[in-house]
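Order of listing sets the numbers, starting from 1, for every ligand and every atom in it. Only heavy atoms go into these numbers, but all of them, side chains included; no hydrogens, no water, no symmetry mates.
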Amino acid sequence: MIKIIYTKKEMQIFSLSYAHKKIGLVPTMGNLHDGHLSLLAKSLKENDISIISIFVNPTQFGPNEDYDKYPRTLASDLTKIESLYFKAFEDKELVIFTPSEINEIYPKNFSTTISIGPLKDILCGKFRPTHFDGVTTIVFKLFHLIKPTDAYFGQKDYQQCVIIKKMISDLELDIKMHILPIVRNSMGLALSSRNQYLKESEVETSLTLYRTLNQIKELIIQKKDFKDFIVRELNDSRYDYLEVRDANTLDINISNSKSIVILGVFRIGNTRLLDNLLVNLND
Ligand code: AMP
């Protein structure tokens, strides 16, 4: 069965009626691509009921960001979800939660924020100071409303994953978090709803970040100096940042790290391309 739910009330009633089942949640802002669908497929495989939320969350956009322009494509999102569902998951239950208006999520005069502490101020947080407060607040609200047993996120938004993991742990939420690999196009570009802002002439340049991350990974594996390389790359002002950090804590000190992550943001015009690569130092 596929069901579409538009209101908080109906969502609450639905979740309560499935209180003892395994419920998987896939939070998204819509404009679905194969990255989102990989999370949904995993949730459908592993749970009795899967809920994919589609909500462009205003609180995670800064004042000069693309909230108004963010692609809203509900009709084609529903078609993609249905086609995945009818291909392999017809025996499962699937809910698409797409709040009909902002008030369904944020009551009038809403003024509470879930804020994670210093992790929200590094990397992307330096450039988007209110972003992660918006993310943790919406994800906590969805957790509270839907009461999932399992929640599915993409490694593509690596800092977001570390922050949500920390929120789950700090607030002792009884939710198992799953982090799934980045889905890329045939050239290596990480799929993103914002890729469609790119012009045809910018496609080649959009691969710069992924290539650079791979070069840094290679230097690390070969135990060569990667720091000078990063400093040289950062002369290109299109990078917001390019950093190597501990994969679990995002600590800048990696001298004892078993696993590290190379993260970067590269801007083409107004489009911020976000990507990362994990390196296991035990390999
Ligand atoms: P968004 O709609 O951008 O908020 O993304 C919703 C979820 O999909 C987040 O957990 C993202 O990390 C995940 N996601 C976005 N792009 C990809 C991708 N290329 N591969 C895997 N997961 C992704």
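Of the options L274, D34, D157, the smallest heavy-atom separation from atom 12 (O) of ligand 1 is shown by D157. Looking at H33, H36, M29 and measuring to atom 5 (O) of ligand 1, the nearest heavy atom belongs to H36.
Under a 4.5 Å side-chain heavy-atom criterion applied to ILVMFWY residues, the cluster that includes L191 comprises V183 as well.
Atom numbering of ligand 1 starts at 1 in the shown order; those under 4.0 Å from a heavy atom of F153 are 10 (O). With ligand atoms numbered from 1 in the order given, ligand 1 contributes 20 (N) to contacts under 4.0 Å with heavy atoms of I182. Within ligand 1, counting atoms from 1 as listed, the ones closer than 4.0 Å to a heavy atom of L39 are 7 (C), 8 (O), 10 (O), 13 (C).
Proximity of L180 to ligand 1, defined as any heavy-atom pair under 4.0 Å, is not found for any part of the residue. Under 4.0 angstrom from ligand 1, there are no non-hydrogen atoms of R184. Residue contacts with ligand 1, taken as heavy atom pairs separated by less than 4.0 Å, do not involve S192 at all. Neither the backbone nor the side chain of S193 comes within 4.0 Å of ligand 1, counting heavy atoms alone.
Between the side chain of K120 and the backbone N or O of F132, no donor-acceptor pair lies under 3.5 Å.
Legend: residues meeting side chain to side chain donor-acceptor pair (under 3.5 Å) with E46, ordered by chain and number and at least two apart, are K42, Y152.
A salt bridge does not link R267 to E202: none of the charged nitrogens lies less than 4.0 Å from a carboxylate oxygen. Comment: K126 does not engage D240 in a salt bridge, judged by the lack of any side-chain N to carboxylate O separation of less than 4.0 angstrom.
Side-chain polar atoms of N57 and Y70 form no donor-acceptor pair below 3.5 angstrom.
Scanning the protein heavy atoms around atom 10 (O) of ligand 1, the nearest turns out to be G154 N, 2.9 Å. Among protein heavy atoms, the minimum distance from atom 21 (C) of ligand 1 is reached at P181 O, 3.5 Å. Of the protein's heavy atoms, V183 N, 2.9 Å lies nearest to atom 20 (N) of ligand 1.
Heavy atoms of P27 approach ligand 1 to within less than 4.0 angstrom.
D77 CG to H33 NE2: the interatomic distance, rounded to the nearest 0.5 Å, is 10.0 Å.
Aromatic ring orientation, H144 versus F140: parallel (interplanar angle below 30°, classes split at 30° and 60°).
Remark: D225 CG is packed, more than 12 non-hydrogen atoms of other residues, nucleotides or ligands lying under 6.0 Å away.
Checked against a 3.5 angstrom limit, the closest N/O atoms of L191 and ligand 1 fall inside it.
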